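Data first, discussion second: the structure below is written as structure tokens.
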Amino acid sequence: MHPHLGPVIYVQGADLMDGTPIYDVKPYVRYADSHPEAQSGFVDEKEWKSLEVDIPQEVAANFTAEELQGLREVLSLDPRPQYHHDAERIYGMPYAGRDVRFKVADGKVQVIGQTPLRK
């Protein structure tokens, strides 16, 4: 307990700049973190499955080959909040200077558009 700040969490070994705030502390997840022999608690009970990703050519044309590969990898990991499962909901995320819009249904991510991010 810090006398002026109140409760404080001390973090060591994180790849952060000094003073970077940490907003959301997640559980350790064996398949995504660096110690595969560790246990992940409740996360171990559910098998991880990557999603199939469909990016139309007119959207893909706005990214370099490297950016497109990275976008496919990120989307295959399902970046939605895990409590969202509405197949009609349109999600968005910033990626490579663009706002990428997508839907998820039946194990498949369908990219439906992109626009440049506003500065």
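All values derive from a computational prediction rather than experimental measurement.
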### Qualifying residues under side-chain hydrogen bond (donor to acceptor under 3.5 Å, both in side chains), relative to D54, sequence neighbours excluded
Q110
Residues in salt bridge (Lys or Arg N to Asp or Glu O under 4.0 Å) contact with [X], at least two apart in sequence or another chain:
| X | result |
| --- | --- |
| R72 | none |
| D99 | R101 |
| E58 | none |
| R89 | none |

Listing, residues 111-118 side-chain donor-acceptor contacts under 3.5 Å, not counting sequence neighbours, or none:
| from | atom 1 | to | atom 2 | distance (Å) |
| --- | --- | --- | --- | --- |
| Q114 | OE1 | R98 | NE | 2.2 |
| Q114 | OE1 | R98 | NH2 | 2.8 |

### Query
At what distance, to the nearest 0.5 angstrom, does NZ of K49 lie from CG of L77?
15.5 Å
Applying side-chain contact (heavy atoms from CB on, under 4.5 Å), name anything that partners [X], two or more places apart in sequence or on another chain.
| X | result |
| --- | --- |
| E66 | T64 |
| E52 | K108 |
| A105 | A87 |

### Message
To check you understand the geometry: which heavy-atom pair defines the closest contact between P7 and M1, and what is its length?
### Response
N-SD, 3.4 Å
### Query
Under the 4.5 Å side-chain heavy-atom rule for ILVMFWY, direct or indirect, which residues accompany Y83?
none
### Message
Using side chain to side chain contact (heavy atoms under 4.5 Å, CB included), reason through V74 and M93 one step at a time and then give a plain yes or no.
### Response
CA-CA 10 Å; V74 167; M93 68 176 203; 3.6 Å; yes
### Message
Could you check whether any side-chain heavy atom of V109 comes within less than 4.5 Å of a side-chain heavy atom of D78, counting everything from C-beta outward?
### Response
no
### Query
Applying the side chain to side chain contact (heavy atoms under 4.5 Å, CB included) test to P79, which of Y91, F102, Y95 qualifies?
F102
### Task
Evaluate side chain to side chain contact (heavy atoms under 4.5 Å, CB included) for L51 paired with L75, printing each intermediate quantity in order.
CA-CA 7 Å; L51 301 176; L75 291 174; over 6 Å; no
